[in-house]
Undergrad: 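Supplied in structure tokens, the structure appears directly below.
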Amino acid sequence: MKIFDKNHDPRKNGKLLIEITGKKLDAAKVISETEEIFQQCSKNEPVPRLHKVIRVPFSKKFTEGLFRLLAKPFSLLEPTKLYVDSTGNVYPEWKQKLDAEYENLLRTITREVNIEDFGGIGDGKTDNTAAFKKALGDGRVKVKVPEGTFITKGIYLPSWTFLVGAGKGKTIIKLHKSAAKGTRLITNANHWKGNHHVSVQGMSLDWNVERLGVVKKTSTWGNHSSCLTYANVTFGWVKDLEAINPGLHCFDISSTLYNYAGDGFRAKGGSQYVWLDTLNGYGFGDDGITTHHSDYILITYSHMCDPSGRAHQRGVSNSNGIEIDDGSRNVVLVNNSSARCFGGIEVKAHQNSSAASNIQIAGHISVNDNRSYNFRHIGHHKSTDTVSKSAYNITAVNLAAIRPIFTDLYKDSTPRGLVVSGYKNVVINHFTLIGDPDYDYRSNPIIALQYRARNVVLNNLSVRDFKSASADIKAYGGKNRADSILINHVEARDSASKVIDIGKGIQDIRMEHINQI
């Protein structure tokens, strides 16, 4: 098995999925089948979640009230329709709009310049901050950056801007040794008013974490301390980039500010219509790719691996390869991969924010992540918590979870191929889970449906080599039980002694075509 390190070429992920799963799926057919299952699932009236009236402390009300000055009510959008082109590429219906605006960007650019024409020097020593500022000007420009290492204290992109290098590892943009900890290496120029039509392509982004010396934490707050941040950007492109050792995130598609106004609210100033493609990232303090309070985001053929976790306290690092976070809506992920992270893909929200919703995954490879796929709304799990108003609608096809493991990133977290907590309307179709027959899973289940999850469908699962697990699939019971579950077409080979373990009190669960070999 490939190790999927920082040099992994994510453009190969589609072919690698065929090798790993042993299946060459008809993408159009599988996506259509999944949409049909989702429609049936979402119309199902699930077993009600247990609910109690919760008293909210005054301090929490006060804090949420302040954030609401910069928030707006949450609402569910119509789910995105996925299509498959003649070569098998999966894309969302709204990508046509993105493509049209990309052509608009190219038409609107009135000049093409080279950073060297403005005094830029790629010698790894010279400060090029002023050169980038002059070259970018007020926008409507394509700025070429040749091979070399260009030092800067931060690059700020106005609207109608195309920044392009000679390729990963050839053009390197690196933070100056005196740059503050909160510096974003590349970001858009105006987070409050917003920017539009910005593109960055073909370079490596080195956050130069070594400049900080020995520190307990490598990030400051909010969407600072990252390699690339788009905040309040409409129509953005991020392509063929490598992100190296950022204090927080490799790539952050965000609102002006992260917002914690409570479940049922979203931040103002979110980004919209952004495509991230063919990205590599490693050494990140928190997440590789993350989205917050942003809509219509496409993430394709990207690979995130080996986080440092240093944005968190040691041993409790929620560092994910790809994290679809607070208030994000209609995010589509296609043929990405992750390795040795806490979560491969995490779809989630904090307790005091709306959850991500309408998330669609078409192909992903998770290798040695602690929790390959982790879907949760923190703080809305237990019978003593309020019920989530926003944790709805996740579909995924053609997933692979390869040898999930214990990790020093989060020492008390048990390995899982999939966890669903608190979400309603979750459909997973064609899921391959491969363990290590000699690894000690310490009698833990590999798939966990738990914490008031509802309307969950697992269809076409292949599980093997989790011999020391307690069960391949466990639906947890009790006061916080999952319910309204369909498990269909499962083949378990040389794996746990139980294929499915059903907890006490679950009222609605159906199992069909379960085969243990």
Side-chain angles (χ1 to χ4, degrees), residues 9-14 27-28 31-32 35 77-112 136 139-144 157-165 167-168 186-188 194-203 228-241 251-254 270-280 289 291 294-303 322 324 328-336 358-364 395 397-398:
D9 183 355
R11 294 171 298 180
K12 298 178 179 179
N13 284 345
I31 287 171
S32 177
E35 287 178 350
L77 299 174
E78 282 294 314
T80 292
K81 178 76 174 175
L82 297 184
Y83 294 94
V84 182
D85 67 17
S86 58
T87 61
N89 291 314
V90 179
Y91 63 95
E93 57 188 341
W94 40 263
K95 185 176 177 294
Q96 295 179 349
K97 186 173 185 177
L98 253 176
D99 292 343
E101 292 300 332
Y102 186 75
E103 295 300 319
N104 193 14
L105 167 64
L106 298 182
R107 287 194 302 269
T108 304
I109 288 172
T110 57
R111 59 194 179 100
E112 186 173 302
L136 291 164
R140 298 179 183 270
V141 62
K142 182 176 184 178
V143 178
K144 290 187 174 182
L157 306 175
S159 300
W160 302 111
T161 298
F162 195 153
L163 182 68
V164 59
K168 297 175 186 174
I186 296 180
T187 190
N188 55 299
N195 293 102
H196 56 89
H197 296 86
V198 291
S199 179
V200 182
Q201 179 176 329
M203 59 186 69
L228 183 143
T229 300
Y230 281 178
N232 198 358
V233 167
T234 302
F235 304 122
W237 297 266
V238 185
K239 184 178 178 64
D240 190 31
L241 301 181
F251 307 97
D252 188 344
I253 309 305
S254 174
S271 295
Q272 294 187 76
Y273 299 105
V274 178
W275 183 13
L276 302 99
D277 180 54
T278 328
L279 308 178
N280 286 76
I289 299 172
T291 69
S294 297
D295 301 334
Y296 305 112
I297 310 300
L298 176 60
I299 305 169
T300 59
Y301 293 95
S302 295
H303 177 65
I322 301 176
I324 311 304
S328 301
R329 301 182 300 183
N330 288 46
V331 180
V332 176
L333 302 92
V334 180
N335 284 348
N336 302 293
N358 289 357
I359 311 305
Q360 295 167 287
I361 308 166
H364 188 90
T395 63
V397 301
N398 202 17

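Quick caveat, the model's predicted, so the values are computed rather than measured.
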Undergrad: For Asn336 and Ser302, indicate whether the former's side chain and the latter's backbone hold a donor-acceptor pair under 3.5 Å.
TA: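 Here the side-chain-to-backbone pair exists.
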Undergrad: For the residue pair Ser159 / Asn195, report whether a side-chain donor-acceptor contact shorter than 3.5 Å exists.
TA: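 Result is yes, a qualifying pair exists.
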Undergrad: Report the C-alpha separation of Glu101 and His196 in whole Å, then their side-chain angles, then the decisive distance to 0.1 Å, and conclude whether the side-chain contact (heavy atoms from CB on, under 4.5 Å) test is met.
TA: CA-CA 10 Å; Glu101 292 300 332; His196 56 89; over 6 Å; no
Undergrad: To the nearest 0.5 angstrom, please state how far the CH2 atom of Trp275 sits from the OG1 atom of Thr300.
TA: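 These two atoms lie 5.5 Å from each other.
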Undergrad: Say you draw a straight line from CG of Asn280 to CG of Asp9; how long is it, rounded to the nearest 0.5 Å?
TA: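 Output value for this atom pair is 7.5 Å.
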Undergrad: Between Arg111 and Lys142, is the side-chain contact (heavy atoms from CB on, under 4.5 Å) condition met? List the steps.
TA: CA-CA 6 Å; Arg111 59 194 179 100; Lys142 182 176 184 178; over 6 Å; no
Undergrad: Do the side chains of Leu136 and Pro158 get nearer than 4.5 Å, heavy atoms only?
TA: yes
Undergrad: Will you find, in the side chains of Ser328 and Thr291, an N or O donor that is under 3.5 Å from an N or O acceptor?
TA: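 On atom types as modelled, these side chains qualify, holding a pair under 3.5 Å.
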Undergrad: Do Phe251 and Ile186 have side-chain heavy atoms sitting under 4.5 Å apart?
TA: no
Undergrad: Using only atom types and a distance under 3.5 Å, with no angle test, would you say the side chain of Gln201 pairs donor to acceptor with the backbone of Leu163?
TA: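 No, Gln201 side chain to Leu163 backbone: no donor-acceptor pair under 3.5 Å.
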Undergrad: From Arg140 CZ over to Leu105 CG, what is the distance, rounded to the nearest 0.5 angstrom?
TA: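 The CG atom of Leu105 is 10.5 Å from CZ of Arg140, to the nearest 0.5 Å.
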Undergrad: Take Leu82 and Val332 through the side-chain contact (heavy atoms from CB on, under 4.5 Å) test and state the conclusion after the steps.
TA: CA-CA 9 Å; Leu82 297 184; Val332 176; 3.9 Å; yes
Undergrad: Do Tyr301 and Asn89 make a side-chain contact, defined as non-hydrogen atoms from C-beta onward lying under 4.5 Å apart?
TA: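 The answer is yes; the side chains approach within 4.5 Å.
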Undergrad: Do Val233 and Val198 touch side chain to side chain, with heavy atoms closer than 4.5 Å?
TA: yes
Undergrad: Can you confirm whether Val90 sits close enough to Ile31 that some side-chain heavy atom of one is under 4.5 Å from a side-chain heavy atom of the other?
TA: yes
Undergrad: Between the side chains of Asn358 and Asn330, is a donor N or O closer than 3.5 angstrom to an acceptor N or O?
TA: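 Note: Asn358 and Asn330 side chains meet the donor-acceptor criterion.
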Undergrad: Rounded to the nearest 0.5 Å, what separates atom NE2 in His364 from atom CG in Asn398?
TA: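 Result: 11.5 Å between the selected atoms.
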Undergrad: Any side-chain heavy-atom pair from Val141 and Glu112 closer than 4.5 angstrom?
TA: no
Undergrad: Check step by step if side-chain contact (heavy atoms from CB on, under 4.5 Å) holds for Leu333 and Ile359.
TA: CA-CA 8 Å; Leu333 302 92; Ile359 311 305; 3.9 Å; yes
Undergrad: Looking only at the side chains, is there a donor atom on one of Asn188 and Tyr230 sitting less than 3.5 Å from an acceptor on the other?
TA: no
Undergrad: Which pair of non-hydrogen atoms, one from Asn335 and one from Gly14, has the smallest distance, and what is that distance?
TA: ND2-CA, 3.8 Å
Undergrad: With Ile299, which of Leu279, Val274, Asp277, Ile324 fulfils side chain to side chain contact (heavy atoms under 4.5 Å, CB included)?
TA: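 For Ile299, the side chain to side chain contact (heavy atoms under 4.5 Å, CB included) check succeeds only for Ile324.
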Undergrad: With rounding to the nearest 0.5 Å, note down the distance linking OG1 in Thr80 to OH in Tyr296.
TA: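 Reported value, rounded in 0.5 Å steps: 6.5 Å.
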Undergrad: Looking at Gln96, I want to see if its CD is surrounded by more than 12 non-hydrogen atoms of other residues, nucleotides or ligands under 6.0 Å.
TA: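 No, because the 6.0 Å sphere around CD of Gln96 holds 12 heavy atoms or fewer from other groups.
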Undergrad: Among Phe235, Tyr102, Tyr273, Phe162, which residue satisfies the ring-ring contact (aromatic ring centres under 6.0 Å, His included) criterion with His197?
TA: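 The option that passes is Phe235.
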Undergrad: Can you tell me how far apart CG (Leu77) and CZ (Arg329) are? Round to the nearest 0.5 Å.
TA: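 One gets 3.5 Å once the value is rounded to the nearest 0.5 Å.
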Undergrad: For the pair Thr187 (side chain) and Thr229 (backbone), establish whether a donor and an acceptor sit closer than 3.5 Å, ignoring hydrogens and angles.
TA: yes
Undergrad: Check whether Glu93 reaches the backbone of Lys81 with its side chain - one donor and one acceptor, N or O, closer than 3.5 Å.
TA: yes
Undergrad: Ignoring hydrogens and geometry, is there a side-chain-to-backbone donor-acceptor pair from Ser294 to Ser271 under 3.5 Å?
TA: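 Indeed, once roles are kept as given, a pair shorter than 3.5 Å links the two residues.
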